[in-house]
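Below is one structure, written out as structure tokens, with a few remarks after it.
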Amino acid sequence: MTPTAAFSLLQASGGSAQSPLFQLGIQFALILAIFYFLMIRPQQKQRRQHEESLRNLQKGDEIVTTGGIIGQVIHIRETMKDGVPARSMDDQVTIKSAESRLIVERGRIARVTSGKRAEATTSTTPAS
């Protein structure tokens, strides 16, 4: 249902004269609802998925940093909280890129491109 159709239904259902301020309030509410469902909610969902993939980062995964460096994870130093390793976005991740080894923060990883999980799914499929 389009916003204009919803607004027309609201106008048609009320036989009494409504104040213009009420009608303006309804229009603003509809616009805010549209913005929420089309822009804000999908961004929040994408951010949650990205953070979850970073928390599940494992040795052997290939990553791309926010600076554009492509590398393979070789070590993850997790922060300790009360003697238990706690995965946070401040953890130090050692990556290997070509002949270099770099240490980056987990939160500075832009995306996980592939890794053991991707290799495991492709290796289980039978070759034709």
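Source: prediction; values computed, not measured. What you see below is based on every heavy atom in this structure, not just the backbone, and it leaves out hydrogens, waters and symmetry mates.
A single hydrophobic cluster is not seen to contain both Val112 and Ile74; linkage of ILVMFWY side chains at heavy-atom distances under 4.5 Å, directly or through other members, places them apart. Both Leu57 and Met89 are part of a single hydrophobic cluster, where members link through side-chain heavy atoms under 4.5 Å apart. In this structure, Leu32 is not a member of the same hydrophobic cluster as Met39, with clusters built from ILVMFWY side-chain heavy atoms closer than 4.5 Å.
By the neighbour-count criterion of 12 heavy atoms within 6.0 Å, atom CE of Met80 is densely surrounded, having more than that number from other residues, nucleotides or ligands. Other residues, nucleotides and ligands place more than 12 heavy atoms under 6.0 Å from the CG atom of Leu38.
To the nearest 0.5 Å, atom CD of residue Glu105 and atom CD of residue Gln92 are 8.0 Å apart. Remark: Arg111 CZ to Thr66 OG1 distance equals 11.5 Å, nearest 0.5 Å. Taking CZ of Arg106 as the start and CD1 of Ile63 as the end, the distance is 11.0 Å to the nearest 0.5 Å. Ile109 contributes atom CD1, which lies 5.5 Å from atom CG of Leu54 (distance to the nearest 0.5 angstrom). The line from CD of Gln23 to CD1 of Ile26 is 8.5 Å long, rounded to the nearest 0.5 Å. Interatomic distance, OH of Tyr36 versus CD of Gln44, reported as 5.5 Å (0.5 Å rounding).
Contact record, Asp91 with Thr79: OD1-N, 3.1 Å, taken as the closest heavy-atom pair. The minimum heavy-atom distance between Arg87 and Glu78, with the atom names listed, is NE-OE2, 3.1 Å.
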Would you tabulate the side-chain donor-acceptor contacts of residues 93-104 under 3.5 Å, counting partners in other chains and residues two or more places apart, or write 'none'?
residue : atom : partner : partner atom : Å
Ser97   : OG   : Ile70   : O            : 2.9

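Salt-bridge check for Arg48 with Glu52: failed, with every basic side-chain N at 4.0 Å or more from each acidic carboxylate O.
Using modelled atom types, one finds no donor on one side chain facing an acceptor on the other under 3.5 Å when comparing Asn56 with Ser53.
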